[in-house]
Amino acid sequence: MFELHQLQQLITVAETGTLSAAAETLHISQPALSRSMQKLEEHFEAPLFSRTKNHMALNETGVCAVQYARRVIEAATAFDDAVHEKIRSLTRIAVGAAAPAPLWLLMPQISREAPGMMLSSVISENETSLENGLKNGTYRLILISHPIDDAHILCKPFTVEQLSVSLPADHPLASRKGILAKDLAGLTMLLFSNLGVWTHFHERMTDTHFILQTDRQAFSDLVTASVLPNFVTNLSMNRQNPQEGRVTIPLLDADAKKTFYLCARKNDRQLFQHIKPHI
């Protein structure tokens with residue numbers, strides 16, 4: 001019986017044109033490659049090459065063998081990928097989220113409901129990409145800011161996140177009960193990166209200057225040491241110590257409050273049903 005590596009060698013001979021070039025591409029010796037091709041011919045009990053003293057080329061049978069060898073290699077690759085993907089699906093839970101804070105609430109629940117499973121997560125502001133990832137199996141669960149209208153998808157409200165601004169107590173805006181994004185025009189604010197869909201909120205604040213931080217600890221240290229305003233949410237405040245000498249004022253813009261929905265495919269109904277909302 002032939003082996004897959006022999007088929008790949010045959011394909012390489014066809015693509016490079018000569019045994020010597022194929023041997024160099026495959027990082028094996030030319031005599032070793034020649035013996036491998038001879039064994040393949042012995043299997044078929046027919047020559048695959050036309051040989052002269054100084055030349056060797058695929059014959060009609062060899063050309064046919066190469067065509068089918070490519071199909072076999074493609075099928076073997078698809079087989080290998082499918083089995084490995086199935087193994088990953090049984091041992092790993094990948095989660096996609098449109099914002100970081102809802103994810104903080106979700107991941108511990110998954111750990112409790114699926115002990116022993118490897119967990120991974122991605123935060124993305126592209127909710128269409130997250131939806132597609134759920135449908136094609138890249139993610140088993142996603143958190144997005146709208147339900148999905150699809151008979152094959154389960155969705156339920158998971159949590160509500162309200163965007164606010166943290167200000168020094170003596171800031172001119174600190175006495176307000178609520179403010180709008182436009183009230184922050186002209187101010188300089190600290191901003192943490194990778195905010196998912198909340199990125200769209202600050203991107204429209206073109207008259208506000210942002211100092212962007214990519215390291216969460218560095219961001220927290222700056223917030224503690226600085227008098228600059230920064231964004232917080234009801235969910236993020238639950239994870240951090242109260243900021244002394246500062247007040248928190250909710251933003252009143254319509255897009256400053258979002259309901260995040262947990263979504264899963266119907267074949268993940270059991271895991272989906274065991275996840276409890278935080279509303």
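Looking at every heavy atom in both residues, Pro108 comes nearest to Leu103 through CD-O, 4.5 Å. Taking every heavy atom of both residues into account, Leu141 and Ala264 meet most closely at CD2-CB, 3.5 Å.
No side-chain heavy atom of Leu262 sits under 4.5 Å from any side-chain heavy atom of Pro277. The shortest distance between side-chain heavy atoms of Phe201 and Phe231 falls below 4.5 Å. Contact annotation: the side chain of Trp104 approaches that of Ser236 to within less than 4.5 Å [non-hydrogen atoms, C-beta and beyond]. At a threshold of 4.5 Å between non-hydrogen side-chain atoms, the residues Leu119 and Val95 do not count as touching. Proximity of Leu134 to Ile148: side-chain heavy atoms (C-beta onward) are separated by under 4.5 Å at one or more points. Within the 4.5 Å cutoff, side-chain heavy atoms of Gln9 are placed close to those of His5. Side-chain atoms of Pro229 and Leu184, non-hydrogen and from C-beta on, never get closer than 4.5 Å to each other.
One distance of note links CE of Met205 with CE of Met189; it measures 5.5 Å at 0.5 Å rounding.
No donor-acceptor pair closer than 3.5 Å links the side chain of Ser36 to the backbone N or O of Ala32. No side-chain donor-acceptor contact under 3.5 Å links Glu161 to the backbone of Pro102. Remark: the backbone N or O of His152 is paired with a side-chain donor or acceptor of Asp150 at under 3.5 angstrom. A donor-acceptor contact shorter than 3.5 Å is absent between the side chain of Asn230 and the backbone of Val223. Not one N or O on the side chain of Ser34 forms a donor-acceptor pair closer than 3.5 Å with the backbone of Gln30. Side chain of Thr16 to main chain of Thr12: a donor-acceptor pair is present (N/O by atom type, distance under 3.5 Å, no hydrogens or angles).
Aromatic ring centroids of Tyr261 and His146 lie 6.0 Å or more apart. With ring centers used as reference points, His202 lies under 6.0 Å from Phe210.
Clustering of Ile, Leu, Val, Met, Phe, Trp and Tyr side chains at separations under 4.5 Å places Leu4 together with Met1, Phe2, Leu7, Leu10, Ile11, Val13, Leu19, Leu26, Ile28, Leu33, Met37, Leu40, Phe44, Leu48, Phe49, Met56, Leu58, Val63, Val66, Val72, Ile73.
Pairs passing the side chain to side chain donor-acceptor pair (under 3.5 Å) check and including a residue from residues 162-171, sequence neighbours excluded, read Ser166-Gln243, Ser166-Arg246. For the salt bridge (Lys or Arg N to Asp or Glu O under 4.0 Å) condition, the pairs that include at least one residue of residues 258-279, sequence neighbours left out, are Arg140-Asp268. Pairs passing the salt bridge (Lys or Arg N to Asp or Glu O under 4.0 Å) check and including a residue from residues 11-34, sequence neighbours excluded, read Glu15-Arg70. Within the structure, side chain to side chain donor-acceptor pair (under 3.5 Å) contacts touching residues 173-184 (residues at least two apart or in different chains) are Arg176-Asp183.
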- Message: Would Ile179 and Leu251 count as a side-chain contact (heavy atoms from CB on, under 4.5 Å) here? Give the steps.
- Response: CA-CA 5 Å; Ile179 58 176; Leu251 282 154; 3.9 Å; yes
- Message: side-chain contact (heavy atoms from CB on, under 4.5 Å), that's the test. Do His274 and Gln270 meet it? Break it down for me.
- Response: CA-CA 7 Å; His274 279 84; Gln270 185 174 3; 3.9 Å; yes
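Between the side chains of Asn126 and Ser124, no donor N or O sits under 3.5 Å from an acceptor N or O.
Applying the side chain to side chain donor-acceptor pair (under 3.5 Å) criterion to Asn194, with sequence neighbours excluded, gives no partner residue.
Other residues, nucleotides and ligands contribute only 12 or fewer heavy atoms inside 6.0 Å of the NZ atom of Lys257.
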